[in-house]
Amino acid sequence: MPVLHEWSVDPTEAIELQKQLAPRVERENRLGEVRHIAGVDIGFEDEGNTTRAVIVVMTYPELEIVDQALHRAPTQMPYIPGLLSFRELPAALEAYAQLTVQPDLIMVDGMGIAHPRRLGIAAHLGLWLDMPTIGVGKSRLCGRYDDVPEEKGGWVPLVDRKETIGAVLRTREKIKPLFISTGHRIDLDTSVDWVMHCLTRYKLPEPTRQADRIASRRTVALRQS
DNA sequence: GCGACAG
DNA sequence: ATCTTGTCGC
């Protein structure tokens, strides 16, 4: 496996690397006992010139934050559909390296294998770290799906080229569903299960929601002085 | 050839 | 992703 600094910012080479790595992503469930779950999200500042990678680690089932890391760095690559991981993973890995508490499972803002070449950012991160990961996307990259059941917890398969690549899951009644997909070392049913178990009163599962809150600089009401 | 297109 | 206030609805 190439190392981080060898990653190309050239689209053509990035696509070749995806084709090489995708077959190595494991889809079977190899989850052990889960006590800590991490959430990963990336935000931007300066009109996108600065990347903010955030990782939050929470306990399960309490869902309390026990560790978090933020890494800011100059943005290296533009957003190109299908090549998101090359833009966001370098910063995310830097943040991950700062963690004191190691997670047993990671939820990533974006797709797992629900990607044209089956290597969305969640799958890429999981393969890189050899860790169980789940992709939690807010919109569709590829694949087709039927109407999603209205009730919380209802879901339908996301299908691309005759293959089920994810689940379109209703995490809140009457609210746009989430796109859940396998990252690495986990299967789809287990992925959906974990997302459901991490829900409180919001659309997003807590790990991802908390990471998103910090990455986007939306913080709990604080008093300035 | 013409759309679609994670964050 | 981000720029942005109030507002309509469950």
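Owing to the predicted nature of the structure, the values given are computational and were not obtained by experimental measurement. Note: hydrogens, waters and symmetry copies are ignored here, and every other heavy atom, side chains too, is used.
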**Asked** When the distance from CG of A/D41 to P of C/dT2 is rounded to whole Å, what number comes out?
**Response** 8 Å
**Asked** Tell me: CZ of A/F86 to C1' of B/dA6, nearest whole Å?
**Response** 14 Å
**Asked** Contact class for A/G48 (heavy atom, under 4.0 Å): base, sugar-phosphate, or nothing?
**Response** nothing
**Message:** What's A/L83 touching, base or sugar-phosphate or nothing? Going by heavy atoms closer than 4.0 Å.
**Reply:** base
**Message:** I need the CD1-C1' distance between A/I175 and C/dG9, as an integer number of Å.
**Reply:** 11 Å
**Contact under 4.0 Å: A/S139 side-chain N or O vs B/dG7 OP1/OP2** = yes
**Request:** Please state how far atom CD1 in A/I80 lies from atom C1' in B/dA6, giving the value in whole angstrom units.
**Result:** 13 Å
**Fill in**
When rounded to whole Å, the CZ to C1' distance for the pair A/R217 and C/dT4 reads 14 Å
**Message:** Taking any heavy-atom pair under 4.0 Å as a contact, classify A/G135: base, sugar-phosphate, or nothing.
**Reply:** nothing
**Request:** Measure centre to centre between the rings of A/H124 and A/F86, then say whether the value is under 6.0 Å.
**Result:** yes
**Message:** Expressed as a whole number of angstroms, how long is the span from A/Q76:CD to C/dA1:P?
**Reply:** 21 Å
**Request:** Please state how far atom CZ in A/R87 lies from atom C1' in B/dA6, giving the value in whole angstrom units.
**Result:** 12 Å
**Asked** Separation of A/R118 atom CZ from B/dA6 atom P, in whole Å?
**Response** 16 Å
**Asked** Side chains of A/T190 and A/D193: do they bring a donor and an acceptor to under 3.5 Å?
**Response** no
**Asked** Using a distance-only test with no angle check, is there a side-chain donor-acceptor pair under 3.5 angstrom linking A/Y60 and A/E33?
**Response** no
**Message:** If we ignore hydrogens and angles and just use 3.5 Å, is the side chain of A/D104 paired with the main-chain N or O of A/H36 as donor and acceptor?
**Reply:** yes
**Message:** What contact category does A/Y79 fall into here, base, sugar-phosphate, or nothing, at under 4.0 angstrom with non-hydrogen atoms?
**Reply:** base
**Item:** Short side-chain N/O contact from A/R140 to OP1 or OP2 of B/dC5, under 4.0 Å
**Value:** yes
**Prompt:** With respect to the phosphate group of C/dG9, does any side-chain polar atom (N or O) of A/K174 fall under 4.0 Å of OP1 or OP2?
**Reply:** no
**Asked** Linking I/L/V/M/F/W/Y whenever their side-chain heavy atoms sit closer than 4.5 Å, directly or via other members, would A/V40 and A/I37 fall into one cluster?
**Response** no
**Message:** Just N and O in the side chain of A/S85: are any of them under 4.0 Å from OP1 or OP2 of B/dA6?
**Reply:** no
